[in-house]
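Below is one structure; the comments refer to it alone.
A, B, ... follow the sequence lines: proteins, then strands. Residue 1 opens every chain. Nothing here was measured: the structure is a model prediction, and the numbers come from that model.
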Amino acid sequence: MISPVPFAFRDFPLMPSPARSVVTRIAPSPTGSMHIGTARTALFNWLYARHCGGSFLLRIEDTDRERSTEASVKVILDGLNWLGLHPDAPPVYQFARSGRHREAVETLMHKGGAYRCYMTAEETAAERERARAEGRAIRSPWRDRDPPGGDNGPFTVRFRGPLEGETLVDDRVKGPVLFQNRDLDDLVLLRSDGTPTYNLAVVVDDHDMGVTDIIRGDDHLSNAARQSLIYQAMGWETPLFAHLPMIHGPDGAKLSKRHGAQAVGEFADLGYLPEAMRNYLARLGWGHGDDELFSDAQAIQWFDIRDVVRSPARLDWNKLNHVNAHYIRLADEERLADLALEALKKKGASPDQEDRRRLLAAIPFVKESAKTLVELSDLTGFALLRRPLALESKTSAALDVEGRSLFERLVQALRQAPDWSPDPLLSALRSFAAAEGIGLGKIGAPLRGMLSGGLPAPDLAGALTALGREESLGRIADALSQAR
RNA sequence: GGGCCCUUCGUCUAUCGGUUAGGACAUCAGAUUUUCAAUCUGGGAAGACGGGUUCGACUCCCGUAGGGCCUACCA
């Protein structure tokens, strides 16, 4: 159970220019993890708000007291924070506003827009079955009954929707969508325990929060019709709707655990950078010509709700990896070192300052090829090994009498290098091979083995530089004496 | 069952009646080569199907098929 934190948005001047500044919101329910689709919806709301110079709000939809938990609220807050999508005001907790919701229902009852329904759970279930069989919406017998006198037992409050006519949802991504009012049922506004339901609470909160543009998943498209009716009954201006297609797994089915990841926290653990997620997610369902890799500033500048795609998209790990690799190359090396350190800790290691120093030295030589932070930390593993390294058999095999003397000469050549950095080291290696009349491959493989102990490593000059002069020569010396 | 939404290369997408249907990821071939990767060059790859409308349809309309959402005192 979460303890609601009351928040009055009147305290926060959200609309500096009250005229018609854009207000968007993300409204997740804290009932588990934060789905990647929710993250994308948040991203689009954020991009749109930023593009329009409006505000982006967060509302926690915790009216389901059974399923809402405080831990899930934290997951949402952490997820948005990690993604860098910071709301412009403290979160609104929906449950804390239930008094206001009841007040709205009260108003609606006075206007004749709602009524008490005394159907029992069994009666409702039976009516639902009948309605389904007859291919019509569920109807309550209490709709047109005179206000019942006496005690008829527990009741819900239902919306009295129009039986005729039609409701247009002029969706900005789906286009105009027409609903026949007779197909819409009288939804429950207040449960028999007096708590408000979702469809009522969204409308009241969105109105009170001044939300001008509702951008959400298209699983809410038909709800938009019901909600429009409530706005009208309340005499409130209906916001603009934009319903985003959903994100599916690589196989086109609803994205779930079995597709590798589903929650934003999992993507973080898998080693994806938040800026890569923003870029990739932006391209899922939205595009700006042929642009694939772009900054937040560009996305904000370019974002237009009219360019949002109508059809659902599938999560593509290959492309995500590609985008992530791009941002790893761009990332600051100190930051990457810290992130790689975290990845190491998650694997159970307990790296120290010396490890961080070695990591940082190696990162410039591996950041070009790492697709994720996990890979990045794997690729730097060779640098973290402590002397003496265990040699692979194929390495020691190359160190027979002849091999040892070859590498002793190589050590001399390396010592002559004017500077311990990639270019001089590479030319030292090349001219040594030429002087010996052998190919680089002849010395490359064993040398790599001596330096990395068999772990993946960058190119030779890079590996030597990453390790530094002392460590490199030390590892070679270890190997030579070991092979003796 | 009813209502609604969706359908361009394997994937993400461009096209907004007239294009050799473009790009990106993936894939294949080649180059490079000191493992793996990265990188470079090149290739293959698409309008679900059937009807219309039109001089001309990926683009507009209708139907079919296939996905999806809603149809809760969940959100």
Side-chain angles (χ1 to χ4, degrees), chain A residues 27-31 61-64 66-68 94 117 119 121 124-125 128 131-138 154-158 169 171 173-175 177-180 182-185 187-199 201-202 217-226 243 245-246 248 250 252-254 280 283-293 309-323 325 329 366 368-371 375 379 426 429-430 433 439-449 452 454-463:
Chain A
S29 52
T31 53
E61 309 231 316
D62 52 356
T63 52
D64 184 339
E66 295 300 313
R67 298 197 298 152
S68 298
Q94 189 160 65
C117 170
M119 287 171 90
T124 309
R128 185 165 29 244
R132 197 183 177 86
E134 292 169 31
R136 59 168 176 81
I138 179 172
F155 61 88
T156 60
V157 176
R158 284 185 185 273
V169 175
D171 193 88
V173 351
K174 303 284 183 180
V177 183
L178 207 53
F179 292 86
Q180 297 303 316
R182 83 177 90 87
D183 294 329
L184 275 15
D185 55 17
L187 35 84
V188 171
L189 266 17
L190 251 33
R191 302 186 182 93
S192 47
D193 65 359
T195 59
T197 58
Y198 165 77
N199 278 296
V202 227
D218 70 6
D219 47 337
H220 288 292
L221 184 55
S222 21
N223 285 331
R226 301 171 220 279
H243 288 93
M246 322 224 72
H248 291 160
K254 194 171 171 178
Y280 175 72
R283 283 292 290 115
L284 228 47
W286 173 78
H288 182 263
D290 285 341
D291 296 301
E292 297 285 349
L293 269 6
V309 168
R310 268 183 298 273
S311 50
R314 302 179 184 198
L315 186 74
D316 181 357
W317 292 101
N318 284 321
K319 193 146 187 179
L320 210 209
N321 284 337
H322 175 259
V323 173
R329 287 185 197 115
V366 301
E368 295 298 318
S369 54
K371 291 192 192 69
E375 260 185 50
L379 290 172
L426 184 57
L429 286 167
R430 287 221 166 106
L440 237 197
K442 182 87 175 164
I443 51 175
L447 178 57
R448 172 180 300 282
S452 73
L455 292 180
D459 63 271
L460 290 175

* To do: Could you walk me through whether A:L187 and A:R158 pass side-chain contact (heavy atoms from CB on, under 4.5 Å), step by step?
  => CA-CA 5 Å; A:L187 35 84; A:R158 284 185 185 273; 5.9 Å; no
Once you apply a heavy-atom cut-off of 4.0 Å, does [X] come out as touching a base, just sugar-phosphate, or nothing?
| X | result |
| --- | --- |
| A:R132 | base |
| A:S311 | sugar-phosphate |
| A:L284 | sugar-phosphate |
| A:G287 | nothing |
| A:S369 | base |
| A:L221 | sugar-phosphate |
| A:H243 | nothing |
| A:P28 | nothing |
| A:D171 | nothing |
| A:A313 | sugar-phosphate |
| A:L426 | base |
| A:G285 | sugar-phosphate |
| A:V366 | nothing |
| A:L293 | nothing |

Please determine, for the side chain of [X], which listed nucleotide ([options]) has the closest atom?
| X | options | value |
| --- | --- | --- |
| A:N318 | B:rC69, B:rC73, B:rA26 | B:rA26 |
| A:H322 | B:rC25, B:rC69, B:rA75 | B:rC25 |
| A:N199 | B:rA75, B:rU13, B:rC69 | B:rA75 |
| A:H220 | B:rG2, B:rA75, B:rU13 | B:rA75 |
| A:V177 | B:rC5, B:rC73, B:rA75 | B:rC5 |
| A:S222 | B:rG2, B:rC12, B:rC70 | B:rC70 |
| A:D316 | B:rC5, B:rA75, B:rU11 | B:rU11 |
| A:F179 | B:rC4, B:rA24, B:rA75 | B:rC4 |

Please report the distance separating the [atom1] of [N] from the corresponding atom of [M], rounded so that it comes out in whole Å.
| N | M | atom1 | result |
| --- | --- | --- | --- |
| B:rG1 | B:rG44 | C1' | 46 Å |
| B:rA48 | B:rC12 | P | 14 Å |
| B:rA29 | B:rA37 | P | 13 Å |
| B:rC70 | B:rU8 | C1' | 28 Å |
| B:rG23 | B:rC62 | C1' | 34 Å |
| B:rG47 | B:rU33 | P | 41 Å |
| B:rG67 | B:rG22 | P | 31 Å |
| B:rU27 | B:rC36 | P | 16 Å |

* Provide, to the nearest angstrom, the distance between the CG atom belonging to A:D291 and the P atom belonging to B:rG22. =>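 Going from A:D291 (CG) to B:rG22 (P), I get 18 Å.
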* Rounded to whole angstrom units, what separation is found between the CG atom of A:N223 and the P atom of B:rC70? ->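 Those two atoms, CG and P, are 8 Å apart.
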Does [N] have a Watson-Crick or wobble partner in any strand here, with both distances under 3.5 angstrom, and which is it?
| N | result |
| --- | --- |
| B:rG18 | B:rC55 |
| B:rA65 | B:rU7 |
| B:rC40 | B:rG30 |
| B:rA72 | none |

Side-chain N,O ([X]) to OP1/OP2 ([N]) below 4.0 Å:
| X | N | result |
| --- | --- | --- |
| A:R329 | B:rU39 | yes |
| A:R128 | B:rC73 | yes |
| A:T63 | B:rA75 | yes |

* Which comes earlier along RNA chain B counting from the 5' end, the contact point of A:G175 or that of A:G439, where each point is its nearest nucleotide? ->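 The 5'-side residue here is A:G175.
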* **Along RNA chain B (nearest heavy atom to each residue), the more 5'-positioned of A:S192 and A:K371** => A:K371
Hey, what do you get for [atom1] ([X]) to [atom2] ([Y]), rounding to the nearest 0.5 Å?
| X | Y | atom1 | atom2 | value |
| --- | --- | --- | --- | --- |
| A:Q94 | A:Y198 | CD | OH | 8.5 Å |
| A:R226 | A:F179 | CZ | CZ | 8.0 Å |
| A:E368 | A:D459 | CD | CG | 11.0 Å |
| A:E66 | A:T31 | CD | OG1 | 12.5 Å |

Hey, is the side chain of [X] pairing donor to acceptor with the base of [N] inside 3.5 Å?
| X | N | result |
| --- | --- | --- |
| A:K174 | B:rC5 | no |
| A:R314 | B:rU11 | no |
| A:D290 | B:rG22 | yes |
| A:E292 | B:rG23 | yes |

* Ionic contact status for A:D183 with A:R136, cut-off 4.0 Å -> no
* To do: Evaluate side-chain contact (heavy atoms from CB on, under 4.5 Å) for A:L429 paired with A:L447, printing each intermediate quantity in order.
  => CA-CA 11 Å; A:L429 286 167; A:L447 178 57; 3.9 Å; yes
* **Donor on one side chain, acceptor on other, A:T195 and A:D193, under 3.5 Å** => yes
